[in-house]
> 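Okay, here's the structure, questions in a sec.
Along the sequence shown, residues are numbered consecutively beginning with 1.
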Amino acid sequence: DALAPRLDATLQQIIASHAPRDVAASPDHAALLDQWRADRRLDGRAIFMLTGCDIAGAGAYRCRHRQEQLDLHEVRSTVVSQYDDGVSLSAAITFDLGILHRVAYDQVIGAYIDLMRRMGRPVLFDTDDLVFRPELIGYVHAIRDWPAAELAIYRDGVERYQRTLLACDAAIVSTESLAQQVRALGQRAFVVRNALGWQQIERGAPLADERLQRPLPAADAPVVIGYFSGSATHDHDFQQAAPALRQILAESPHTRLRIVGPLELDPSFASFAERIERRDLVPLADLPAEIAAVDIALAPLELDNPYCQAKSEVKYMEAATVAVPIVASPTEAFCYAIRDGDNGMLARDTAAWLAALRALVADPARRRAMGAAARADMLERYTPAARSRQLLDVLAQLWEEYEPARRSASFNDVFLHSLDRLQELAILQEQTAAARREAERTASRLEEQLAVSRGEVEALRQLLDQIARGRVMRLLNALTRRH
């Protein structure tokens, strides 16, 4: 903090010495200094990010890509996977700010938030899915047929997400629709949209260049339409585009459908089976090559479903990485990302889906131009560099808001309270360990009893076998005597 004024003065001196007079005195000069000061607001700070959902790219987009953004501003950060790495409370509270990505509440998380608040250090809940409104889980089609016990576990997780959200100082979300859901609960929400990672961009670059430089295909050359499902929850979403897809496959024999990831395809597609390719879900790092293998990407979502409205524009970003044009449902996120007819197409109903697909299938030049526009937009708005200031501004704002709390925080009070909480957690951990040991002893006893039971069953089987053999022999002897 003491160094910042000296750096500020040095920067002004450099600009004054080396820039022309009209530039040094211009509004642009002042704006440059203002931006430089803004970018330095988290100098010397460290960010702790804990992800409770490290599957299907969620932890990458909301934490690891953020780490790349913070690296650009020389802000130190660390990412911990709650279930792979565990949570060290003593390590977590050494960081200046905390971000809890889809972390369900428990006593350890409650203690972490409490200790950070006492030290005047903000903690934020983070999500890019609507996972914190238990009253809305009926909109999740994938769980409707679950057994009651599994559904209860799911609901408990959602309730614990909400408890973490409300215990935090604010929330960071990926879409305005999600922000509205957070605000409806009385919690503050900041929209920090998703960004790609450098690895995705670097892997996609040669694939995009090759696509944009190769000769245009003939109008009747095969056209591959791709759908990429990241989880087994999108069957109803796919149905939004399904009637138009069937029509396109029927009227354009040169079209193909490629499905990557889990999806239960409607039986009405059976007549096109020889033109449909199914592929397994791939890691995020391999996704650019999979998308580059298609000519048109699809992103259908249910428009009257709050879970779908909360989804981000990740599918647009991923397709844009390899210059593949996309047709998407007009949710808030896709309307933010796509300029309809320029860098993608939006389709609200079957007629719009059919019109969009017909236009792209029939016109290779338009597919190329739209893919190129999407890639240019991705490079302008969705790289780590493009999104980094949005994240930095939110974190810096919260850090500055808590300055009075940090000034008034008593070291002794925080230290003694920390000891009390750590002691409580130590007792809880010992109780948990004791319960685990008892469960293991019970399981061992049951295994021993099961082994004894198996032995008894085997002995009984052998006895019955001997009895049966004896009866057969007696019968044979009787028959022999008769003859």
> If I take atom CD1 from residue Ile259 and atom CG from residue Leu281, how far apart are they, to the nearest 0.5 angstrom?
13.5 Å
> Strictly by modelled atom types, are Thr255 and Arg275 linked by a side-chain donor-acceptor pair under 3.5 Å?
yes
> Give a yes or no on whether the backbone of Asp43 and the side-chain of Glu74 come within a donor-acceptor separation of less than 3.5 Å.
no
> Checking Gln240 side chain against His236 main chain: does a donor-acceptor pair fall under 3.5 Å?
yes
> We want to know whether Asn343 and Arg375 form a side-chain donor-acceptor pair, criterion being a heavy-atom distance below 3.5 angstrom.
no
> Salt-bridge test for Asp295 and Arg256: reply yes if a basic N is under 4.0 Å from a carboxylate O, no otherwise.
no
> Return yes if some donor-acceptor pair links the side-chain N/O of Arg258 with the main-chain N/O of Tyr227 below 3.5 Å, else return no.
no
> Is it true that Lys311 and Asp129 have a side-chain N and a carboxylate O under 4.0 angstrom from each other?
yes
> Salt-bridge test for Asp342 and Arg339: reply yes if a basic N is under 4.0 Å from a carboxylate O, no otherwise.
yes
> Keeping the roles fixed (side chain from Gln200, backbone from Gly197), state whether a donor-acceptor pair exists under 3.5 Å.
yes
> Give a yes-or-no answer on whether the side chains of Arg246 and Ser268 include a donor-acceptor pair shorter than 3.5 Å.
yes
> Does any N or O in the side chain of Arg163 come within less than 3.5 Å of the main-chain N or O of Ala104, such that one atom is a donor and the other an acceptor?
no
> Closer than 4.0 angstrom, basic N to acidic O: yes or no for Arg193 and Glu332?
yes
> Begin with the C-alpha distance, continue with both residues' side-chain angles, and end with the deciding distance and a verdict on side-chain contact (heavy atoms from CB on, under 4.5 Å) for Glu313 and Asn194.
CA-CA 8 Å; Glu313 63 269 36; Asn194 280 321; over 6 Å; no
> Going by an N to O cut-off under 4.0 Å, is there a salt bridge joining Asp169 and Arg188?
no
> Considering residues at least two apart in sequence or located in another chain, which fulfil the ring pair (Phe, Tyr, Trp, His ring centres under 6.0 Å) criterion with His254?
none
